[in-house]
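Contents: one structure, followed by commentary.
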Amino acid sequence: LLIFFSSSRGLRSIPSLSKFHRLRYLWLNNNKIQDLTFLIKNYCLTELYLNNNELTDISGALKHLCSLQILFLHNNDLKKLGKTVKELKGMISLHTLNLFQNPLAYDPAYRLYVIYLLPSVQLLDRKLVTERERESALHLYNPERSLLVQSIAFGKRVNTSLRTTGESSRCTQPARRLIMPTDKGHLLCSFCRVPFENPEDAVLVRAVTRSLTEFSFVDWNKVVTCPEKQLQNKAEEPPDKMTVQFR
């Protein structure tokens, strides 16, 4: 476990740290660093503090740090929100991120954009990411998925939107009747070989047929034990077994 500490020294450039291949914690805050190529071999970094420097672009410099958990980049000169977030997308363990006091943070959609593209982040700019923010980010940047999530109830997708409070939540759609055809040129149910005009009817019948559940049980108090078998010295009678089937 290695720790490299070189903050508040006014450094403009850092020599390669490739020989410290097990480096885990690195403090380089409060310098004048503009280039991050010295980190190209430090794959084990889990905490990186680069705040209060002169960084203008991090493209191609950090994406290999897949183990990173804490990253401080605040108070730099990062302007391109899309390129910056793209560089961090592979950091699936990143849970703490600071990007405030950068030009990109003044984008009106900045926070929701970061929350949507970096779902592992739990603390963004010293503020906890809430579940409501995640829902808002999903609704803003992926409305189709947001509607799909809202349409799922009790594990079954329905085609109606969520009702408001006070409205009845019961399904009012009538049960669909199975329509039998008048000829033989239609889809057949693979189990019962009954033709249907509507393919969905065949799928429904198949699902019902395959959803049968069965279990059996016996009264163990009436089952003869091994010592009893030896004493009685007679043929064992099979125990009474009850089988129940339900859907």
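For the residue pair Asn75 / Asn52, a side-chain donor-acceptor distance below 3.5 Å is found, with atom types taken as modelled.
When hydrophobic side chains of Ile, Leu, Val, Met, Phe, Trp and Tyr are connected at separations under 4.5 Å, Leu128 ends up clustered with Leu123.
Taking the ring pair (Phe, Tyr, Trp, His ring centres under 6.0 Å) definition, one finds that Tyr49 meets it with Trp27, Phe72, sequence neighbours left out. The side-chain hydrogen bond (donor to acceptor under 3.5 Å, both in side chains) search around Ser120 returns none, not counting sequence neighbours. For Tyr113, the side-chain hydrogen bond (donor to acceptor under 3.5 Å, both in side chains) test picks out no residue, with sequence neighbours left out. Applying the side-chain hydrogen bond (donor to acceptor under 3.5 Å, both in side chains) test to Asp57 and every residue at least two apart in sequence or in another chain returns Ser59.
No donor-acceptor pair under 3.5 Å is formed between the side chain of Asn29 and the backbone N or O of Asn53. In this structure, the side chain of Glu87 engages the main chain of Ala61 through a donor-acceptor pair within 3.5 Å. Between the side chain of Asn31 and the backbone N or O of Gly10 there is at least one donor-acceptor pair closer than 3.5 Å. Listed for the Asp125 side chain is no donor-acceptor partner under 3.5 Å among the backbone atoms of Lys127.
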Side-chain atoms of residues 37-46: list all donor-acceptor pairs with protein atoms under 3.5 Å, sequence neighbours left out, distances to 0.1 Å.
unit_1	atom_1	unit_2	atom_2	d
Thr37	OG1	Asp35	OD2	2.5
Asn42	ND2	Leu17	O	2.9
Asn42	ND2	Phe20	O	2.9
Thr46	OG1	Arg24	O	3.2

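For the side chain to side chain contact (heavy atoms under 4.5 Å, CB included) with Ile70, the lone residue among Asn98, Leu94, Thr96, Leu97 that qualifies is Thr96.
Across every non-hydrogen atom of Leu65 and Met91, the tightest pair is O-CG, 3.5 Å. In plain terms, the two heavy atoms of Val121 and Arg134 that are nearest each other are O-NH2, 2.9 Å. Smallest separation of non-hydrogen atoms from Asn102 and Asp77: OD1-N, 3.2 Å.
With values rounded to the nearest 0.5 angstrom, Lys63 atom NZ is found 12.0 Å from Leu88 atom CG.
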